[in-house]
Structures are given as structure tokens and as C-alpha cells.
Peer 1: 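Below: one structure in C-alpha cells.
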Amino acid sequence: MNVAQPIWENIYNLVKTEAPFQNLEVFFDQIEAHSWNGKELVLTGSDNRVVEHIRNNYSDTLLQFLQKKEGKDSFVTIKTLDMEQSFLREPTTKKKSAYERVKSEVYPNEIPLNVKYTFDRFIKGTSNEHALAASVGVAEKPTQYHNPLYLYGGVGLGKTHLMMAIGNHVKEQFPHLRVLYVTAEKFQNDLVEAMSKKKNLAGLRAYYRHADIFLIDDIQMIGQRAEYTQEEIFHTFNYLYQNGKHIVISGDRPPQQLSRLTNRLISRFQSGLMADIKSPNLETRMAILASKAKENQLVLPDTVLKFLAEKLRGHIRILESALTNLLFLSDLENRPIDLSMAKSIVRDLANQEEKNRISIDTIIEAVGRSFGIEEEKVKGKSRTEQVSLARHACMYLARKHIPALTLAEIATFFGRKDHTTVLHAEKKIKELLDNNSDFAKQIEEIIEDLN
Ligand code: ADP
Ligand code: MG
């Protein structure tokens, strides 16, 4: 039997319980205890980047725990077992067949392009003309135009529409080029899954590196402390870039404001052309509405068009949902669309927005859901650790997201007389956020849930 195995298991268990690392298994499950000679513990992995990552980030911790268990003069060596499997060599030979194989075996769930998202259906306005021109530039001269193109702007302003329009155009005009669209979130999930289930990681890399036009949407969704994902994106980026492929990225803000990203990734994203999309003005909103109405064979009187565009100033999805609702109502009541109908729909949408706004109840609901604790309990008196933590998280979130509430009001809500309870909770949560990345991730997910 391998004598190194129990030694390694001991240490691994210590690391797991005593060191606050996230996604530990993802890396360590790929590591094997190779040998132990009473002094040197040799760990091996077949993927040199996993090995390097562990070496760079966990060496000290591993050494510390090994010495704790086996004595001060013991040490750890981490090395790559089989360089042949290094992904860097992957795409050189039999490129196509490897790709096709991986595509059918591992990634049948590619995100399809929405065929409706075309340049034809994208209404140009002062808020988006640069982004549109840049996207058309990429679509018409793929691999020759500015590279990368980074598109940014708030929710529902047309980033995904433009990216997919690029994809659709290229597919039609240059059928020999491979278009690959992915969200940053899916990229991250694919990666984590491949690593944790010991799936074909080299295959995954080959798959993502096989694109001629690589469209990566919503880059801001990369999770906190997801260094490995960022590293992977970085290498994918470099690989594609150096091979003359085109990369388009979207984010909800300019790269330099994506505080979670590493500097080297930010500087890559800034190295080409950046174009922003702003909120459309009234004129553009009216044009978008008119075009969507036409798509649905819907006749909208000008008064209705103007009224909706004036009232619904948020993102464009809300204009679309107003249209759908109008269509529905007019069908239901079997009468043509008129201003009063539009008014009642705007009222409904406004109510919905109001309801969707964050309240202390929605916070408790979201926190309860995340912690698996009933709302009543969160609001109640129980002081068990989990319930207290959930309650503190609620107080913290209330402070952060409902500025209108005073400390005393928050305290009263949870049946506490003393407002310093809230300050105490806030402090505690902030400390936890800094020191426990799993918890930070959980809170982040709750906030996403709230929004
Ligand atoms: P984002 O990705 O920026 O959140 P989307 O691309 O999903 O936004 O756009 C939201 C909706 O608004 C989509 O249905 C899209 O077709 C529509 N839309 C956005 N901008 C325009 C535009 N300029 N012309 C027509 N439709 C648009
Ligand atoms: Mg989008």
C-alpha cells in the first residue's frame, strides 16, 4: 500500500477544516500522494496548471500542516507527473476530430444564438451608435477589426443582442468560421464541473480554444475569488488572440471598474476597442417600441407609443413586457389597443416594480431561503448559531440596501430594543465577509436573489 496516502489524507483533512479556502476540492481532488520517505511528501498531478496553482497558493499551508503532523524537518514537493497531458500541446494535432469529439461528448449544451438578435432588428440611437458600429465592424471583418471588442452598459440595454448579432452575421457571411458564444457564468460552471468531476479538462480547453469568434457575455458574473476561472479566461484569451482569433466581451461596466478581476485580465480587455451603451433617449425608446410592435404585427397608435416610451424609462425589457401585456389584454378584451389600456398596464408594471423593491421582508425571505431557516425563526428569539447568523445577515443587508431605515427601526423589527445590536451584527458580518469566502459568496448570492 502507498504509505504516502494516509499522510496526505491527514494533512488534507487539516487543510479542509482549518484553512479558509474556497473550492479546495476542485484542485486537490486532482492531486495524488505519490510517495513518502519519512521526510519528503511528494504530491503529483497530471495537469501542470493545477499543480502550479497549488504550488503558488497552498505550499505554505501544506508545509505548515505537514510539519505539525510529521515534524519540523519534513517538507512537501508538488510536481507534474505526466507532462504529455499538458493542455498546451492539445490543439496542435488532429484538431478537428478532437474538437468534434469533445463537442459531442462533453458539451452538447452549447448556448444557441437567438436568431432574432440581428443587426436589422437593432435600433440605432445616440446611446448605442458606437457600440453598434463597433459590433458591425467585427461582424463584417472578423479577425481583422479591433480586437478585442469590449462592450459595456447596464442591464437590458442591448449587449447580448449585439453580441449575438455579431455571431449571427458571421455565421451567415463566413460559414467556415466557428462562432462560440458563452456567458462568463457558464464558462466558470463548465470549468468547475470539469475539474470537480475529473472530466476531460484538456478537452474543455480545446473546445473553448477552438473558436474563431469567441463571444463571452456578462463578464461581471465571474464569482468572487474565482482566481482559477480568471486564469483560465486569461489563457484562453491569449491563446485565441495569438492565433488571430476574434474576441468580444461584454460587461455591465468598464473593465477597470470590475474590481474582482485581476489586473492582467483588465488590461487585456482594455487593449482593443471599448464601446459603451447608455440608456436610450425618448426618441430611441419610441423607435424601439415601434419596431417591436411591428415585429408582433401590432398596431400602436402614436399616443400610446409616446405614452409608453415616456413612462417606461428603465431598460428595454420593460418596454417589451409592456407590449406583451398590451397584446394580451387587447386579445382578452377583444378591443383595439388604446391609451387607457396602456395606462392600466403602466400602472401594473409600476406596482410590480414597487413590489420588487427590496424590503426587510424580502431580505428575510431571501436569507431564510439561503440558510434553510423559516422566516418566523429568523425574526424570532432563537439564539442558536445558525439562526443568529442569519439574523445578523438580515440586519447587515437591511443596513446596506434600505438606507431609509434607521438603526432603531431595524432593531425593532427584530424585536430588539437596543440599536447597537444592529451595529454589532453589521460589524460581525463584515468581518466574516473578509475572512470567509464561502460566506461571502453566499451573501453575494442572496444579494443577487434580492435584485
Ligand atoms: P443586455 O444584454 O444588455 O442586458 P439585451 O441585449 O438582453 O440586454 O436586451 C434586452 C432586450 O432589449 C432584448 O430583447 C433586445 O432585443 C432589446 N433591445 C435592446 N436594445 C435594443 C435596440 N437598440 N433595438 C432593439 N431592441 C433592443
Ligand atoms: Mg445580456
Peer 1: Atom CE in M164, atom CZ in F122: separation rounded to 0.5 Å?
Peer 2: 14.0 Å
Peer 1: Angle class for the F174/H176 ring planes (parallel below 30°, perpendicular above 60°, tilted otherwise)?
Peer 2: perpendicular
Peer 1: Considering the options L151, I213, N168, which one meets the side chain to side chain contact (heavy atoms under 4.5 Å, CB included) requirement together with M163?
Peer 2: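 Single side chain to side chain contact (heavy atoms under 4.5 Å, CB included) partner of M163 among L151, I213, N168: L151.
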Peer 1: Could I get the full list of side-chain hydrogen bond (donor to acceptor under 3.5 Å, both in side chains) partners for N325, not counting sequence neighbours?
Peer 2: none
Peer 1: Quick one: closest heavy-atom pair of A366 and D449, and the distance?
Peer 2: CB-OD2, 3.8 Å
Peer 1: Under 3.5 Å, side-chain donor or acceptor atoms of residues 287-296 against the rest of the protein: list the pairs with distances, not counting sequence neighbours.
Peer 2:
unit_1	atom_1	unit_2	atom_2	d
K292	NZ	E320	OE2	2.9
E295	OE1	R121	NH1	3.1
N296	ND2	K292	O	2.9

Peer 1: Regarding T262 and E227, is there a side-chain donor-to-acceptor distance under 3.5 Å anywhere?
Peer 2: no
Peer 1: Going by atom type alone, with no hydrogens or angles, which donor-acceptor pairs under 3.5 Å involve a side-chain atom of residues 251-258 and a protein atom two or more places apart or on another chain?
Peer 2:
unit_1	atom_1	unit_2	atom_2	d
Q256	OE1	Q270	NE2	2.9

Peer 1: For H161 and Y117, take the angle between the two ring planes, folded into 0 to 90°, and tell me which bin it lands in: parallel under 30, tilted 30 to 60, perpendicular over 60.
Peer 2: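 Parallel, since the angle between the ring planes stays under 30°.
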Peer 1: T160: what forms a side-chain hydrogen bond (donor to acceptor under 3.5 Å, both in side chains) with it, not counting sequence neighbours?
Peer 2: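 T160: side-chain hydrogen bond (donor to acceptor under 3.5 Å, both in side chains) contacts with D217.
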Peer 1: Identify the heavy atoms of A425 and M395 that sit nearest to each other, and give their distance.
Peer 2: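 In this case the closest contact between A425 and M395 is CB-SD, 3.7 Å.
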Peer 1: Is the side chain of Q67 donor-acceptor paired with the backbone N or O of S74 at a distance under 3.5 Å, no angle test?
Peer 2: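 Yes; at least one donor-acceptor contact below 3.5 Å.
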Peer 1: Would you please name every residue forming a side chain to side chain contact (heavy atoms under 4.5 Å, CB included) with I363, sequence neighbours left out?
Peer 2: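 So I363 forms a side chain to side chain contact (heavy atoms under 4.5 Å, CB included) with I358, V367, C394, L397, A398, I402, L450.
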Peer 1: Can you tell me how the ring of Y208 sits relative to the ring of F187, calling it parallel under 30°, perpendicular over 60° and tilted otherwise?
Peer 2: tilted
Peer 1: In terms of side-chain geometry, is the basic nitrogen of K430 or D434 positioned less than 4.0 Å from the acidic oxygen of its partner?
Peer 2: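 Not counted as a salt bridge, because no side-chain N and carboxylate O are separated by less than 4.0 Å.
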Peer 1: For D212, what residues pass the salt bridge (Lys or Arg N to Asp or Glu O under 4.0 Å) criterion, not counting sequence neighbours?
Peer 2: R178, K245
Peer 1: Indicate yes or no: does R209 engage E232 in a salt bridge with an N to O separation below 4.0 Å.
Peer 2: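 Yes, this pair counts.
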Peer 1: Decide if atom NZ of K428 counts as having more than 12 heavy atoms of other residues, nucleotides or ligands within a radius under 6.0 Å.
Peer 2: yes
